[in-house]
Amino acid sequence: MIEESKTIEEKFGVLDSVPVGACLLRDDFVVLFWNTCLEEWTKIPRSQMLGTKITTHFPHLSQPKYANRFQQIFAGGPPTIFSSQIHKHLIPATWQDGQQRIQQTTVTAVPALEAGVAQPETKDLAIHTLKLEAEGNGGIRESANAVLSWDSPFLMSPSGWPAANSQSFYALLVLQDVTDLTHRIQAYRTMRDQALEEVKVRQRIEEELRSSQHFIQQIADAAPYLLYIYDLTEQRNVYVNGQASKLLGYTPQEILQMETALFSRLAHPEDSPLLAAHVHKFPSAEDGCIVELEYRLKHRSGEWRWFRCRDQVFARTPEGRPKQIFGTAQDITEYKRTEEALRQQNEREQLMTTITQHIRQSLDLGEVLSTTVTEVRQFLQADRVMIVRFHPCTGSLCTTPVTGAVTVESVVSTCRPMLGETLQNFCFDEFYLEAYQHLGIRPIADVFATDLPPNQVDLLAQFDVRAYLVVPLVQGEELWGLLMAHQCTPRHWMQLEVELLSSLATQLAIAIKQAELYQQLQEANQKLERLATLDELTQLANRRRFDQYLETEWRRQSREQTPLSLILCDIDSFKSYNDTYGHPGGDECLRQVAGAIGDAVDRPADLVARYGGEEFAIILPNTEITEAVQVAEHIQVKIAALHLPHAGSLVSKYITVSLGVASMVPASESGAKILIAAADEALYQAKDLGRDRIQVYQPETTKTEPNGTAPQPTVDFSDFSPPNTNLPSPTSA
């Protein structure tokens, strides 16, 4: 027994260095070999397993479904595979986090050791075992065929397993951990129904694997990723597995011949600094520490492929410095493409959300359209984005040709602008209109490579357009216009761009409708505001507007301490005018007088209002009394120039007015009524003094009496009647 154990250890000890579980059973299920990998997985030491029945530790193996298949192996039968899809845990083992390892297990008949009988090499047994695992896993079938290309001294029967003339056989169990691979396949199927294989190489390659190069090479070439050993001191690869041909298009020999020029020839220029920094991490790396990096290598065909490498220190110098690193590089090109596509889609959707928010936040139609073309051009990186709005009467009922105008545009400086251009019969014939009416989108990659009408090609050529994308803007059943993107070079419009632009067009159509409704509402509100603040007869501000404006200006002039002037104007003998000419004539007189007063007052801040029946008021902000008197005189001149006959007047044969002028610097403790009272008092004095004149309200200047006391202020109403001025008056005329 001791001799047998020693011989088994010599023959199968090499399996301690492989990253798979290996166990040798006698026909009584006694464990004869238990490799290091199984010790690590199961946490059961070899000393505890050897010489004991495996069913002692794993009772489920005594079940008929397992025992019967093992008996066939002990009888020299063909190898059997316990698929990870059905028997996930033949020898249960857990990760550190408690997760069960998923195993792909192959059991092979091995001739029992007998004195004087030639025994096959252990490496050959492993080769055929891995061959069976490869055939059970379609993903590595091609690599398994490479295994079979080796010459093997192992005597095989025609059917491929040991000849049945051996009296007894061992059962060699080879367990491959496919937990990570299984989970990654499931995750990738969920994302894109594709398979991304990730197999982690965690075990160090020991010196024993170097001495078994034949065995190592077969395992390495079967792996679906690059395996390599890189010498840090020589700065070159000293080993690359056969997957280099499949993943990079170069044979391992060609890779090794590149020596120090490998990365300069194959690595992407943008990734060279990352690779240099990656190598510089190993002098301080500990054994077993895995350093990862993603970078691009150029395939022989010129295509750039993405790889994810996982490297660790493999060998050290006698001084303990890292000399070589062992690593794996998995091709993740498809994963990167999917990731990039998702990233671009997320960016486009976020940008689309931003554009939509900008559009929906504004109710001004011009701002909505301008924001749209600017944001869309940046989004598409196009040379021009514009909005064409159809002219009214677009459709089958129109007798004139269908036309549209470029109402807003965002264009690069190198392109000729199209803003304001009228497009007639350009994509506007009945065929296109019908398609656009049903949200048809038309992407053109190259106008010279399509069957566009000659007039369209000529028009586009005038503006250097080579490719365009047209999206209709439809409101309900009405075709409002078109959203158009232009490119001055041929361009293939991606489906994602078309779909997102279509979604934007829907949002834009809603925003346009809202903006138009808001514009109509604003116009209606402005009309109501005018009706609420204008006098219908004279079209001057009404009494309500007068009161609001006077109060506002009173407070403002009070803060600024500047003068505020007011003129009250009354048509002389207007009652007799109505009696003489009738109320229609009186209304016409009021309109003409109102127009004359409005012509006399030309500052934007001044307000002319109809104060009463035949009475008008003029508010003059920031105006001294002398300037207010000049305005009053100008009003008299304008009214005299009307030459409106007034047969019932007591002062003239033409229409005349009396004016009262007042001015003061408002005080915060007093109200605007004091200014109205002053102007009204001045108007009363003008009428009392004979009408057809200007009267000013002005407090008398305070003088000091000889005894030092100040007299009480009195009001001085200065007479500014026309006879006392150089201005003509109806009376003198």
query: For Val447, does its backbone N or O pair with a side-chain atom of Thr450 as donor and acceptor, under 3.5 Å?
result: yes
- line: Rounded to the nearest 0.5 angstrom, the CG-CG distance for Leu534 and Leu540 is 8.5 Å
message: I'd like to know whether Val471 forms a side chain to side chain contact (heavy atoms under 4.5 Å, CB included) with Leu504, so could you lay out the CA-CA distance, the side-chain angles of the two residues, the decisive distance to 0.1 Å, and finally the verdict.
response: CA-CA 9 Å; Val471 181; Leu504 172 63; over 6 Å; no
- prompt: Looking at side-chain heavy atoms only, is the closest gap between Phe546 and Ile676 below 4.5 Å?
  reply: yes
query: Between Glu409 and Val406, is there a donor-acceptor pair closer than 3.5 Å when you use the side chain of the first and the backbone of the second?
result: no
field: Residue pair Tyr697, Leu675: steps toward the side chain to side chain contact (heavy atoms under 4.5 Å, CB included) verdict
entry: CA-CA 10 Å; Tyr697 170 85; Leu675 180 61; over 6 Å; no
statement: Rounding to 0.5 Å, atoms CE (Met484) and CG (Leu469) come to a distance of 9.0 Å
message: What I'd like to find out is whether the side chain of Phe616 reaches to under 4.5 Å of the side chain of Ile571, using heavy atoms alone.
response: yes
query: Can you tell me if Ser558 uses its side chain to pair, donor with acceptor, with the backbone of Trp554 under 3.5 Å?
result: no
query: Cys589 and Ile655: which non-hydrogen atoms are nearest, and at how many Å?
result: SG-CD1, 3.8 Å
- request: Determine whether the side chains of Arg603 and Thr623 contain a donor N or O and an acceptor N or O closer than 3.5 Å.
  value: yes
message: Can you tell me if Leu342 has over 12 outside heavy atoms packed within less than 6.0 Å of its CG?
response: yes
query: Quick one: are Val388 and Thr407 in side-chain contact, heavy atoms under 4.5 Å?
result: no
statement: Heavy-atom nearest pair, Val608 first then Gly598, reads CG2-CA, 4.5 Å
- prompt: Are any of the side-chain nitrogens in Arg416 or Asp464 under 4.0 Å away from the carboxylate oxygens of its partner?
  reply: no
field: NZ/NE/NH1/NH2 to OD/OE distance under 4.0 Å, Arg466 and Asp446
entry: yes
- request: Could you tell me whether a side-chain N or O of His486 sits under 3.5 Å from a main-chain N or O of Val411, the two making a donor and an acceptor?
  value: no
- request: Grab the two heavy atoms, one from Ala682 and one from Val696, that are nearest each other, plus how far apart they are.
  value: CB-C, 4.2 Å
message: If you count every heavy atom of other residues, nucleotides or ligands that lies below 6.0 Å from Tyr684 atom OH, does the total exceed 12?
response: no
- prompt: Yes or no on side chain to side chain contact (heavy atoms under 4.5 Å, CB included) for Asp570 and Lys687, after CA distance, side-chain angles and deciding distance?
  reply: CA-CA 9 Å; Asp570 187 78; Lys687 290 181 179 181; 2.9 Å; yes
message: Within the supplied structure, the quantity of interest is the number of heavy atoms (other residues, nucleotides, ligands) at a distance under 6.0 Å from Gln495 CD; does it exceed 12?
response: yes
statement: So CD1 of Ile567 and CG of Leu659: to nearest 0.5 Å the spacing works out to 6.5 Å
message: Could you check whether any side-chain N or O of Glu560 sits under 3.5 Å from a backbone N or O of Gln557, counting only pairs where one atom can act as donor and the other as acceptor?
response: no
task: Kindly determine whether Ile694 and Glu633 satisfy side chain to side chain contact (heavy atoms under 4.5 Å, CB included), including the steps that lead there.
output: CA-CA 8 Å; Ile694 301 170; Glu633 292 172 346; 3.6 Å; yes
statement: Nearest heavy-atom approach of Ser649 to Val651 is OG-N, 3.2 Å
query: Is the centre of the His643 ring less than 6.0 Å from the centre of the Tyr654 ring?
result: yes
Cationic N near anionic O, under 4.0 Å, Glu340 to Arg337: no
- prompt: Gln378 side chain to Glu375 main-chain N or O, any donor-acceptor pair under 3.5 Å?
  reply: no
- request: Could you check if a side-chain atom of Leu620 sits within less than 4.5 angstrom of a side-chain atom of Glu627, using non-hydrogen atoms only?
  value: no
query: Per the side-chain contact (heavy atoms from CB on, under 4.5 Å) rule, which among Ile635, Val661, Leu568, Leu566 passes with Ile618?
result: Ile635
task: Drop me the distance from Glu553's CD to Ile619's CD1, to the nearest 0.5 angstrom.
output: 7.5 Å
field: Spacing of Lys673 atom NZ and Asp680 atom CG [to the nearest 0.5 Å]
entry: 13.5 Å
- request: For residues Pro417 and Phe463, report the shortest heavy-atom separation together with the two atoms involved.
  value: O-CE2, 3.5 Å
query: Going by the salt bridge (Lys or Arg N to Asp or Glu O under 4.0 Å) test, which pairs reach into residues 493-508, not counting sequence neighbours?
result: Arg491-Glu497
message: Do Ser565 and Ser663 pair up side chain to side chain, a donor and an acceptor below 3.5 Å, judged on atom types alone?
response: yes
message: Would the distance check show the side chain of Glu614 and the main-chain N or O of Ser573 forming a donor-acceptor pair, the cut-off being under 3.5 Å?
response: no
- request: In plain terms, say whether Glu551 and Arg555 are close enough for a salt bridge, that is, a side-chain N and a carboxylate O under 4.0 Å apart.
  value: yes
task: For the residue pair Arg545 and Asn542, establish whether any side-chain heavy-atom pair is separated by less than 4.5 Å.
output: yes
message: Could you tell me if Ser410 and Arg377 have a donor-acceptor pair between their side chains, going purely by distance under 3.5 Å?
response: yes
- request: Would you mind reporting whether Gln462 and Leu459 have side-chain heavy atoms less than 4.5 Å apart?
  value: yes
query: Salt bridge between Arg591 and Asp587, side-chain N to carboxylate O under 4.0 Å?
result: no
- prompt: So which heavy atom on Thr489 is nearest to which on Ala467, and how close?
  reply: O-CB, 3.8 Å
query: Is the side chain of Ser502 donor-acceptor paired with the backbone N or O of Val498 at a distance under 3.5 Å, no angle test?
result: no
- prompt: With under 30° as parallel and over 60° as perpendicular, where do the rings of Phe574 and Tyr577 fit, or are they tilted in between?
  reply: parallel
Rounded distance [0.5 Å steps], CG in Leu483 versus OG1 in Thr372: 7.5 Å
message: Closer than 3.5 angstrom, by distance alone: can the side chain of Trp493 be matched with the main-chain N or O of Ala445 as a donor-acceptor pair?
response: no
message: Within the structure provided, determine whether Lys638 and Ile597 are in side-chain contact (heavy-atom separation under 4.5 Å).
response: no
Donor + acceptor pair across side chains of Asp535, Thr538 (<3.5 Å): yes
Flag side-chain contact, heavy atom, 4.5 Å: Glu588 against Tyr581: no
- prompt: Any chance the side chains of Thr656 and Asp572 put a donor and an acceptor closer than 3.5 Å?
  reply: yes
